[in-house]
Amino acid sequence: MDTVRVKIINRSGHELPAYETPHSAGMDVHACLKEPITLGPLERALIPTGLRIQLPVGYECQMRPRSGLALKKGISLVNTPGTIDADYRGEIGAIVINLSNEPFTINDGERICQMVVTRYTRVDWEPATELDETKRGEGAFGHTGL
């Protein structure tokens, strides 16, 4: 397993994002709030984390929902995965949405999402007039059945 060193500024007063198990891909991230925020059904809010990072070139950080919050409380992220680029230096925020029928309160220090740091590849477009044939061809949504 590869590791990469990433500079981080933590102004949250909470512990750094951390892997909960030895083989976790995502690290839990905590809310950094002066006071609780309650989201009604279908409401969303930008939740600050108090974190700033400096990723190496060729890496991105993805913000993803926590599966337990999604299943048990209907809490997710609007733009999932949210992408933090290697040249971004501002505070990381998570756009949290309440997809349940009940209000949900986010408290300071609560684990609200997870982050995954990963490499990415850049594309060098090659203009063409046709593409190679495949078995699937132009089959789109549902083309293999239910």
For [X] and [Y], work out which heavy atoms get closest and say how close.
X    : Y    : answer
T134 : G137 : OG1-N, 2.9 Å
E60  : T83  : OE1-CG2, 3.1 Å
T80  : R64  : OG1-CA, 3.9 Å

Can you name the residues that form a side chain to side chain donor-acceptor pair (under 3.5 Å) with [X], not counting sequence neighbours?
X    : value
T118 : none
E110 : none
T121 : none
Y19  : none

Can you check whether [X] reaches [Y] side chain to side chain, under 4.5 Å on heavy atoms?
X    : Y    : result
V4   : R119 : no
L77  : I95  : no
V96  : C113 : no
I9   : Q54  : no
F104 : L69  : yes

I'd like to know if the side chain of Q62 reaches the main chain of I84, judged simply by a donor and an acceptor atom lying under 3.5 Å from each other, with no hydrogens or angles considered.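 The answer is no, because no donor-acceptor pair under 3.5 Å joins these two groups.
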
What side-chain donor-acceptor pairs closer than 3.5 Å can you find for residues 29-52, not counting sequence neighbours?
residue	atom	partner	partner atom	Å
H30	ND1	G109	O	2.7
T38	OG1	T105	OG1	2.8
E43	OE1	G40	N	2.5
T49	OG1	L51	N	3.2
T49	OG1	I92	O	2.6
R52	NH1	R89	O	3.1

Supply the members, apart from W125, of the Ile/Leu/Val/Met/Phe/Trp/Tyr cluster built from side-chain contacts under 4.5 Å; use none for a lone residue. V123

